[in-house]
Amino acid sequence: MNKVLLLLLCTLSCVSQDIQQKIDALNHIGVLNAFIPTWYLPGSQQQEVNEFAKTLLAGEIEVLAANKNPFVYVYANCWLIASGKGDVVKIFQASLKQRDSVAIMNCGYSYEAVYDKYYDVYTTRLYESLIRDGKEPTEQDIELLFNSDATLHKLDSLIIISKKPVTEFDYFQAFSHKKFDKKLLPKIEKLAFRKHIPHALFYLEKYYPEQYRKRIRDYLHNDFMKAKFVTFDERMKLREYLYYLENGDESMKKLALEKREMHPHIDN
């Protein structure tokens, strides 16, 4: 066999074995929860994962990101996003469709959708970009950056148009930044008036007060009062609505009182 070809094959074999060893090593750090289809990382081992990341060579993170093991590809994608090397929009969109989840175990369990994990990593990267000489950025600096960042705006838009349900906190984050293109108004209307998403309604009131004032009041007096808020996430929505109504005029405060009577355990 040609010596050059033999050398190349040996090199590829060594690289393949090396990356597989690193995949096995990373997987060994993680623990599979046999009762819930999610991978979680004990908080005590977070430092071990961070140290492991420092051993990766150029191109190896991308290989790990393509691995089928959830624990491996989630952390690999987080590293790509944090380093600015990954396509955060593509990674986020794929995760939003898959609806996979990751959980962190420290003092108990805390479950988080993987797309939320990616969102957090990206916003942390934005925040850290504002730190100068060890000084924390001002709230005004953070707001200015978050409202002007095109990538974050795309992530927020993906949350708004998601066909699969996301959490109340996801909507809160998405609607907290800059104004969306008008083409998203039909979707935002659906979230506000059919899905009972409070932050969608607040958004319409903030940016289109004249256009939606009557429709919002009609909704609050009718469909909102008929809506049932049973699950944990639905109760979170109701609390947002109650806070909003209780800080409104007398007619709004009356609605809040009536709604509280329908849900006497809402604050428990």
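- With sequence neighbours left out, Thr124 forms a side chain to side chain donor-acceptor pair (under 3.5 Å) with no residue at all.
- The nearest pair of heavy atoms linking Thr151 to Tyr122 is CB-OH, 3.2 Å.
- Of the options Thr123, Leu145, Val89, Val88, a side chain to side chain contact (heavy atoms under 4.5 Å, CB included) to Leu152 is made by Thr123 and by none of the others.
- Taking Lys163 as the reference, nothing meets the side chain to side chain donor-acceptor pair (under 3.5 Å) condition, with sequence neighbours excluded.
- The CG atom of Leu158 sits 10.5 Å away from atom NE2 of His153, with the distance rounded to the nearest 0.5 Å.
- For Ile91, the side-chain contact (heavy atoms from CB on, under 4.5 Å) criterion is met by Asn77, Ile81, Tyr118, not counting sequence neighbours.
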Just distance, no hydrogens or angles: give the donor-acceptor pairs under 3.5 Å from side chains in residues 193-201, sequence neighbours left out.
| unit_1 | atom_1 | unit_2 | atom_2 | d |
| --- | --- | --- | --- | --- |
| His196 | ND1 | Tyr219 | OH | 2.7 |
| His199 | NE2 | Glu168 | OE2 | 3.1 |

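- Figure legend: cation-pi geometry between Lys117 and Phe92 absent, as NZ or CZ is not positioned both under 6.0 Å from the six-membered ring centre and within 45° of its axis.
- With rounding to the nearest 0.5 Å, the separation of CE in Met225 from CE in Met262 is 3.5 Å.
- In terms of modelled atom types and a separation under 3.5 Å, the side chain of Ser129 and the main chain of Leu126 share a donor-acceptor contact.
- Every residue two or more places apart in sequence or in another chain that forms a side-chain contact (heavy atoms from CB on, under 4.5 Å) with Glu143 is listed here: Asn147.
- Note on ring orientation: taking the six-membered ring where Trp is involved, the planes of Phe202 and Tyr244 are tilted (angle from 30° to 60°).
- For the pair Val166/Leu96, a side-chain contact is recorded, criterion being any heavy-atom separation below 4.5 Å from C-beta on.
- Ala256 approaches Glu246 most closely through the heavy-atom pair CB-CG, 3.5 Å.
- Note that NZ of Lys237 and CZ of Phe172 are 15.5 Å apart. Values are rounded to the nearest 0.5 Å.
- Counting only heavy atoms from C-beta outward, the side chains of Val114 and Gln98 never approach each other to under 4.5 Å.
- Annotation: ring-ring contact (aromatic ring centres under 6.0 Å, His included) contacts of Tyr207 (sequence neighbours excluded): Tyr203.
- Scanning all heavy atoms of the two residues, the minimum distance from Phe180 to Ala174 falls at CZ-O, 3.4 Å.
- Remark: Leu257 pairs with Glu261 by the side-chain contact (heavy atoms from CB on, under 4.5 Å) rule, at least two apart or across chains.
- What you find for Ala76 and Ala65 is that their closest heavy atoms are CB-N, 3.4 Å.
- Remark: Lys68 is not positioned above the aromatic ring of Tyr73, lacking an NZ or CZ atom under 6.0 angstrom from the ring centre and at most 45 degrees off the axis.
- With sequence neighbours excluded, the residues satisfying side-chain contact (heavy atoms from CB on, under 4.5 Å) with Gln173 are Tyr119, Asp120, Phe169, Asp170.
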Give every donor-acceptor pair under 3.5 Å between a side-chain atom in residues 181-190 and any protein atom, sequence neighbours left out.
| unit_1 | atom_1 | unit_2 | atom_2 | d |
| --- | --- | --- | --- | --- |
| Asp181 | OD1 | Lys183 | N | 2.9 |
| Glu189 | OE1 | Arg215 | NH1 | 3.2 |
| Glu189 | OE2 | Tyr212 | OH | 2.4 |

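- In this structure, Tyr171 has no side chain to side chain donor-acceptor pair (under 3.5 Å) partners at least two apart in sequence or on a different chain.
- In this model, a donor atom of one side chain and an acceptor atom of the other lie less than 3.5 Å apart for Ser251 and Arg217.
- Considering only heavy atoms from C-beta on, Tyr241 stays 4.5 Å or farther from Lys259 through its side chain.
- Between Lys206 and Phe175, every side-chain heavy-atom pair lies at or beyond the 4.5 Å cut-off.
- The ring pair (Phe, Tyr, Trp, His ring centres under 6.0 Å) pairs that include a residue from residues 132-152 are Phe146-His177, where partners are two or more places apart or lie in different chains.
- When the shell of 6.0 Å around CE of Met236 is examined, it contains 12 or fewer heavy atoms from other residues, nucleotides or ligands.
- Atom SG of Cys78 and atom CZ of Arg125 lie 13.0 Å apart (nearest 0.5 Å).
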(Q) Before you tell me yes or no, could you show the steps for Lys214 and Asp218 under salt bridge (charged side-chain N to carboxylate O under 4.0 Å, His left out), namely the whole-Å CA-CA distance, both residues' side-chain angles and the distance that decides it to 0.1 Å? (A) CA-CA 6 Å; Lys214 183 179 184 303; Asp218 287 345; 2.9 Å; yes
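- Between Arg239 and Ile266, some side-chain heavy-atom pair lies under the 4.5 Å cut-off.
- Arg235 approaches His265 most closely through the heavy-atom pair NH2-O, 3.3 Å.
- The ring-ring contact (aromatic ring centres under 6.0 Å, His included) check on His221 picks up nothing, with sequence neighbours excluded.
- Proximity of Leu245 to Lys253: side-chain heavy atoms (C-beta onward) are nowhere separated by under 4.5 Å.
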